[in-house]
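All values reported here derive from a predicted model rather than from experimental measurement.
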Amino acid sequence: MTTRSSRIEHASGTAVPVRGDDIDTDRIIPARFLKTITFEGLEAHVFEDDRKQVAEHGTPHPFDVPAHQGAHVLVVQGNFGCGSSREHAPQAIARWGIQAIVGESFAEIFFGNSLMIGLPCVTASRADLEKLLTLAETQPTTVFDVDLASGQLRAGSLVVPIAMPDAAREALRTGNWDATGLLVDRYEEVDRTAAHLPYLNGFAG
């Protein structure tokens, strides 16, 4: 049995809106920050170059807007996370505090890397996303509730249908996304198997 804490049914909190299609992983976390041995501290550099660029023009990036600090939901648009396969991108986003991403579409590898760390990426229609983006921008205290079980996102008076592949949804809701957790929960089985592996216990003479 998986641990209850590894099961992900929903995410809830305020939202940070990031507009634009085809936002790639190099924009999410620039390559110069990939030299670290661990993922620790990556959250400080999420969207760093984009944030500096817009700040030079006097406009804060959504991740720098005070009202969006502490947000748990990221609202994006199409083909989010395209580009390289770096797993640092979802790691940086999750470590910043994001617990779910809502977008029109996601790059396949980004989606898979997000699933592996328990970060749900759900899709919504472009029209609904426009409403969600505008709501997050104009009413930043609105709570967005992403419910994987019902397939709905509720934000204020808005109720928006969301989708994700059935296998991914099931993995999140059962905790099967958490490979390490599964091993820990079934450690006795792992121990029994290891006891019969010759390369762990020496080969018979």
Side-chain angles (χ1 to χ4, degrees), residues 1-19 23 28 39 42-43 46 62-63 65 67-81 87 89-182 184-185:
M1 297 291 293
T2 57
T3 57
R4 183 174 299 276
S5 61
S6 68
R7 298 171 185 167
I8 300 172
E9 296 276 355
H10 74 279
S12 183
T14 57
V16 54
V18 176
R19 291 182 179 272
I23 293 178
I28 296 170
F39 298 118
L42 287 181
E43 66 276 7
V46 65
F63 269 69
V65 173
H68 296 318
Q69 302 308 299
H72 290 327
V73 178
L74 173 59
V75 184
V76 297
Q77 294 186 289
N79 197 30
F80 186 78
E87 56 186 320
Q91 283 280 357
I93 291 171
R95 289 168 184 272
W96 191 86
I98 297 300
Q99 297 175 2
I101 309 176
V102 186
E104 184 180 9
S105 61
F106 298 90
E108 183 176 358
I109 295 177
F110 178 89
F111 180 93
N113 285 338
S114 296
L115 179 62
M116 292 299 293
I117 62 171
L119 178 62
C121 294
V122 300
T123 58
S125 72
R126 195 167 189 87
D128 283 337
L129 282 166
E130 181 59 37
K131 296 175 185 177
L132 295 172
L133 288 162
T134 299
L135 181 62
E137 291 164 347
T138 59
Q139 300 180 45
T141 60
T142 302
V143 172
F144 285 53
D145 188 77
V146 179
D147 191 332
L148 299 184
S150 68
Q152 292 182 325
L153 184 157
R154 294 176 175 83
S157 61
L158 287 177
V159 180
V160 171
I162 55 175
M164 73 184 316
D166 290 341
R169 188 201 314 271
E170 184 69 10
L172 290 166
R173 296 188 63 205
T174 60
N176 287 338
W177 66 271
D178 184 4
T180 301
L182 288 171
V184 171
D185 285 342

Taking the six-membered ring for Trp, are F80 and F110 parallel (under 30°), tilted (30 to 60°) or perpendicular (over 60°)?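 Correct class here is perpendicular.
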
Kindly indicate whether the side chain of [X], heavy atoms from C-beta on, has any atom under 4.5 Å from the side chain of [Y].
X: V159; Y: R154; answer: yes
X: D128; Y: L158; answer: no
X: L74; Y: W96; answer: no
X: Q77; Y: L129; answer: no
X: R19; Y: E130; answer: yes
X: V146; Y: P120; answer: no

Over all atoms of both residues, closest heavy-atom pair of [X] and [Y]:
X: A155; Y: T142; answer: C-CG2, 3.9 Å
X: A136; Y: H68; answer: O-CE1, 3.2 Å
X: A15; Y: A71; answer: C-CB, 3.8 Å
X: L172; Y: G118; answer: CD2-CA, 4.0 Å
X: L119; Y: P90; answer: CD2-O, 4.0 Å

Pairwise distance [atom1]([X]) to [atom2]([Y]) - rounded to 0.5 angstrom:
X: E9; Y: D147; atom1: CD; atom2: CG; result: 7.5 Å
X: R7; Y: T174; atom1: CZ; atom2: OG1; result: 8.0 Å
X: C121; Y: I162; atom1: SG; atom2: CD1; result: 11.5 Å
X: I117; Y: I93; atom1: CD1; atom2: CD1; result: 8.5 Å
X: D145; Y: L153; atom1: CG; atom2: CG; result: 7.0 Å
X: M164; Y: R169; atom1: CE; atom2: CZ; result: 7.0 Å

I need the single residue from V102, L132, L133 that forms a side-chain contact (heavy atoms from CB on, under 4.5 Å) with P17. Which is it?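 Exactly one pass, corresponding to L133.
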
Checking side chain to side chain contact (heavy atoms under 4.5 Å, CB included) for the pair V46/I28: CA distance, chi angles, key distance, verdict? CA-CA 6 Å; V46 65; I28 296 170; 4.2 Å; yes

Can you tell me if [X] uses its side chain to pair, donor with acceptor, with the backbone of [Y] under 3.5 Å?
X: S105; Y: G78; result: no
X: W177; Y: S114; result: no
X: H72; Y: T14; result: no
X: R173; Y: L148; result: no

